[in-house]
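Any value given below was found using the heavy atoms of this structure, including those in side chains, with hydrogens, waters and symmetry copies removed.
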Amino acid sequence: MGVPYRCPNCRTNRSRFNIIKQVPRAVKLDPETGTVMEEYTTEQLSPLHFTYKGPEVKIQCGVCGLIEEERTFAKFGEK
Ligand SMILES: [Zn+2]
């Protein structure tokens, strides 16, 4: 944050955005029903369970609705 954004799709929007916080939940589902059976903290995760390492936020353009990673909007905002 704190860098200028511009939407690479509609190309005009530099001010209206939705910042979408990504909050991963590590869960164990019942394979038959999809019900959450257990939920884990990062420390509790087994080595077989992949830890989320994606971006903390995604950005949506408030004009055209495009959703991309923050760096995509920031890179276009530089120009
Ligand atoms: Zn846009």
Identify the heavy atoms of G34 and L29 that sit nearest to each other, and give their distance.
O-CD2, 3.6 Å
First locate atom SG of C61, then atom CZ of R14, and finally report the distance between them rounded to the nearest 0.5 Å.
12.5 Å
With side chains defined as the heavy atoms from C-beta onward, is the minimum distance between C64 and N13 less than 4.5 Å?
no
Rounded to the nearest 0.5 Å, the SG atom of C7 sits from the CD atom of E68 at a distance of 9.0 Å
Distance in Å, E43 CD paired with T51 OG1, rounded so as to fall on 0.5 Å steps:
10.0 Å
Would F76 and Y5 satisfy ring pair (Phe, Tyr, Trp, His ring centres under 6.0 Å), going step by step from the backbone distance to the final call?
CA-CA 7 Å; F76 217 70; Y5 290 167; over 10 Å; no
So do the side chains of F73 and P4 get within less than 4.5 Å of each other, counting heavy atoms only?
no
Write down the atom of I20, the atom of Q60, and the distance for their closest heavy-atom approach.
CD1-CB, 3.9 Å
Residues R25, E39: salt bridge by 4.0 Å N-O rule
yes
Can you label the angle between the H49 ring and the Y40 ring as parallel, tilted or perpendicular, going by 30° and 60°?
perpendicular
Do L66 and V3 land in one hydrophobic cluster if side-chain heavy atoms of ILVMFWY residues count as linked below 4.5 Å?
yes
Just how far is it from atom CZ of R6 to atom CD of E78, taken to the nearest 0.5 Å?
11.0 Å
CD on Q22 to CD on E56, rounded to 0.5 Å
9.5 Å
dist E70:CD -> I19:CD1 (nearest 0.5 Å) comes out at 7.5 Å
Yes or no on side chain to side chain contact (heavy atoms under 4.5 Å, CB included) for I67 and I59, after CA distance, side-chain angles and deciding distance?
CA-CA 6 Å; I67 300 175; I59 308 296; over 6 Å; no
